[in-house]
Student: 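Handing you a structure now.
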Amino acid sequence: MIGAPLKSCGQKNLADDGKRVWDDEIRSRLDQEYGDWRDPKRTYMVPPSFQGMSNDADVGSKAEEKIYNLLHEQGQNNNEPMFVVHSVGFSEHVPGIGRERSWVMGESDFVVIHQMHGPIFFQVKATETGKNYKEAEQQIYKDKVALENSFKRDVKENISTRKATEPFKNFPGFVVMPNCPRRQLSVCIQDNVICQEDCSSSEAFSSWWNKKIESAEHPPLDQEVFEYLVMRQVG
């Protein structure tokens with residue numbers, strides 16, 4: 001848990017009692033790996049290269065790799081101050097949302113922690129017809145609930161409930177279907193879908209990003225909250 005003390009197995013010297021503050025250990029690691037993480041001037045991919053299945057027949061992995069590259073290009077071309085975290089597993093107990101959902105488990109395809117826009121979720125489906133939309137929507141819901149619950153629990157000793165809750169009110173989640181043309185989608189599909197046309201090039205994806213992310217109206221993300229989100233997802 002962020003903020004909790006821990007006992008280190010290694011002592012720096014004989015006077016060192018081995019006690020550490022977990023916050024400080026995470027910050028130290030982030031300082032070493034991402035020197036400007038508190039005020040990033042670029043995009044950091046986590047991990048720094050795509051790590052998917054090596055099987056060429058794995059269309060799901062190829063779809064995720066395409067989005068990984070598009071997010072990387074968007075970040076590098078526009079100096080987006082963000083961390084893009086790929087393949088985040090979670091298992092979170094969330095009381096009060098129904099007995100059958102008290103445990104929320106799964107894997108987030110991509111969690112973006114943006115210094116200005118806050119947390120953004122991308123769930124990738126390799127479908128060519130859009131039939132997995134509902135499944136992806138449910139996964140995004142679990143992604144959001146798990147991160148919000150664990151974040152507020154971890155930072156409750158350091159950040160007020162109001163500040164910890166604010167970034168989760170309207171933060172977006174998108175279903176990404178890089179193999180599905182827009183014409184294949186039902187008219188009932190909401191506009192949180194990223195279609196084949198939006199993924200056809202870095203320019204097309206940048207145009208989508210500017211409409212949906214850059215132009216979105218929301219309160220500015222609190223700097224302290226941003227730092228703790230990075231610590232929670234990257235550290």
Side-chain angles (χ1 to χ4, degrees), residues 1-4 20-48 67-68 70-90 92 94 107-123 140-174 192 206 208-235:
M1 179 184 295
I2 289 179
R20 305 285 186 270
V21 176
W22 191 234
D23 284 30
D24 295 339
E25 294 298 301
I26 294 176
R27 291 188 184 100
S28 177
R29 177 176 175 273
L30 289 171
D31 286 340
Q32 292 175 11
E33 295 193 30
Y34 313 99
D36 64 344
W37 68 274
R38 291 180 173 85
D39 185 21
K41 302 299 188 295
R42 51 163 291 190
T43 290
Y44 289 103
M45 305 299 292
V46 184
I67 303 309
Y68 181 99
L70 286 172
L71 287 167
H72 183 228
E73 290 168 5
Q74 172 64 27
Q76 296 304 96
N77 292 341
N78 298 278
N79 296 319
E80 298 284 354
M82 64 184 184
F83 287 82
V84 178
V85 188
H86 174 239
S87 190
V88 183
F90 57 83
E92 188 67 28
V94 185
E107 181 180 279
S108 304
D109 287 341
F110 293 94
V111 179
V112 173
I113 306 299
H114 198 290
Q115 190 178 27
M116 294 180 289
H117 304 298
I120 309 166
F121 289 87
F122 295 90
Q123 191 67 29
I140 288 173
Y141 170 77
K142 291 195 294 184
D143 295 348
K144 291 180 176 183
V145 168
L147 177 58
E148 179 177 5
N149 188 75
S150 62
F151 178 75
K152 288 193 292 189
R153 183 192 64 241
D154 288 351
V155 303
K156 64 183 179 180
E157 302 297 329
N158 304 292
I159 298 179
S160 70
T161 300
R162 182 189 63 79
K163 284 173 64 175
T165 301
E166 186 64 34
F168 296 97
K169 288 182 178 178
N170 298 303
F171 66 113
F174 297 96
N192 69 333
S206 182
W208 173 87
W209 180 278
N210 290 336
K211 291 177 184 176
K212 296 296 184 180
I213 306 298
E214 195 65 32
S215 300
E217 295 184 3
H218 54 74
L221 183 66
D222 180 86
Q223 176 63 24
E224 188 177 23
V225 171
F226 168 73
E227 291 181 16
Y228 270 107
L229 280 169
V230 175
M231 291 166 66
R232 181 69 177 81
Q233 290 296 293
V234 182

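Given the structure is predicted, the values throughout are model-derived calculations rather than measurements.
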Student: Go through the side-chain N and O atoms of Gln76 and Thr43 and say whether any donor and acceptor fall under 3.5 Å apart.
Tutor: no
Student: Passes side chain to side chain contact (heavy atoms under 4.5 Å, CB included), Asp109 versus Phe121? Steps please.
Tutor: CA-CA 8 Å; Asp109 287 341; Phe121 289 87; over 6 Å; no
Student: Determine whether Trp37 and Val234 make a side-chain contact, defined as any pair of heavy atoms from C-beta on separated by less than 4.5 Å.
Tutor: no
Student: Is there a side-chain contact between Phe151 and Val225, using heavy atoms and a 4.5 Å cut-off?
Tutor: yes
Student: Run the salt-bridge test on Glu148 and Lys144 with the 4.0 Å N-O cut-off and return the result as yes or no.
Tutor: no
Student: Any carboxylate oxygen within less than 4.0 angstrom of a Lys/Arg side-chain nitrogen, looking at Asp222 and Lys163?
Tutor: yes
Student: Can you see which heavy atom on Pro119 is nearest to which on Phe171, and at what distance?
Tutor: O-CB, 3.2 Å
Student: Less than 4.5 Å apart, any side-chain heavy atom of Tyr34 and any of Val230?
Tutor: no
Student: With a 4.5 Å heavy-atom cut-off, do Gln115 and Glu80 have their side chains touching?
Tutor: no
Student: Given side chains that start at C-beta, do those of Val84 and Tyr44 come closer than 4.5 Å, heavy atoms only?
Tutor: no
Student: Quick check: do Pro81 and His114 have side-chain heavy atoms less than 4.5 Å from each other?
Tutor: yes
Student: Is the backbone of Val145 close enough, under 3.5 Å, to the side chain of Asn149 for a donor and an acceptor to pair up by distance?
Tutor: no
Student: Could you tell me which non-hydrogen atom of Gln233 sits nearest to which non-hydrogen atom of Val85, and how far apart they are?
Tutor: O-CG1, 4.0 Å
Student: Please report the shortest heavy-atom distance between Lys156 and Arg153, naming the atom on each side.
Tutor: CG-O, 3.4 Å
Student: Using side-chain heavy atoms (C-beta onward) and a distance below 4.5 Å, is Thr165 in contact with Lys152?
Tutor: yes
Student: List for me each residue that meets ring-ring contact (aromatic ring centres under 6.0 Å, His included) alongside Phe226, sequence neighbours excluded, and say none if there are none.
Tutor: none
Student: Search all heavy atoms of Arg27 against all heavy atoms of Arg38 and return the closest pair with its distance.
Tutor: CD-NH2, 3.4 Å
Student: What I'd like to find out is whether the side chain of Lys212 reaches to under 4.5 Å of the side chain of Phe174, using heavy atoms alone.
Tutor: yes
Student: So, for Leu221 and Gly118, which heavy atoms are closest and what is the spacing to 0.1 Å?
Tutor: CD2-CA, 3.6 Å
Student: I want to check a possible cation-pi pair here: Arg232 against Tyr228, using under 6.0 Å from ring centre and within 45° of the ring axis as the test.
Tutor: no
Student: Side chain to side chain contact (heavy atoms under 4.5 Å, CB included) between Asn77 and Ser206: does it pass, once the steps are laid out?
Tutor: CA-CA 9 Å; Asn77 292 341; Ser206 182; over 6 Å; no
Student: So His86 and Phe110, would you call those rings parallel, tilted or perpendicular, with 30° and 60° as cut-offs?
Tutor: tilted
Student: Could I get the full list of side chain to side chain donor-acceptor pair (under 3.5 Å) partners for His72, not counting sequence neighbours?
Tutor: none
Student: Return the minimal non-hydrogen interatomic distance between Pro219 and Glu166, and the atom names on each side.
Tutor: CG-OE2, 3.5 Å
Student: Mind checking the CE-CG spacing from Met82 to Leu71? Nearest 0.5 Å is all I need.
Tutor: 6.0 Å
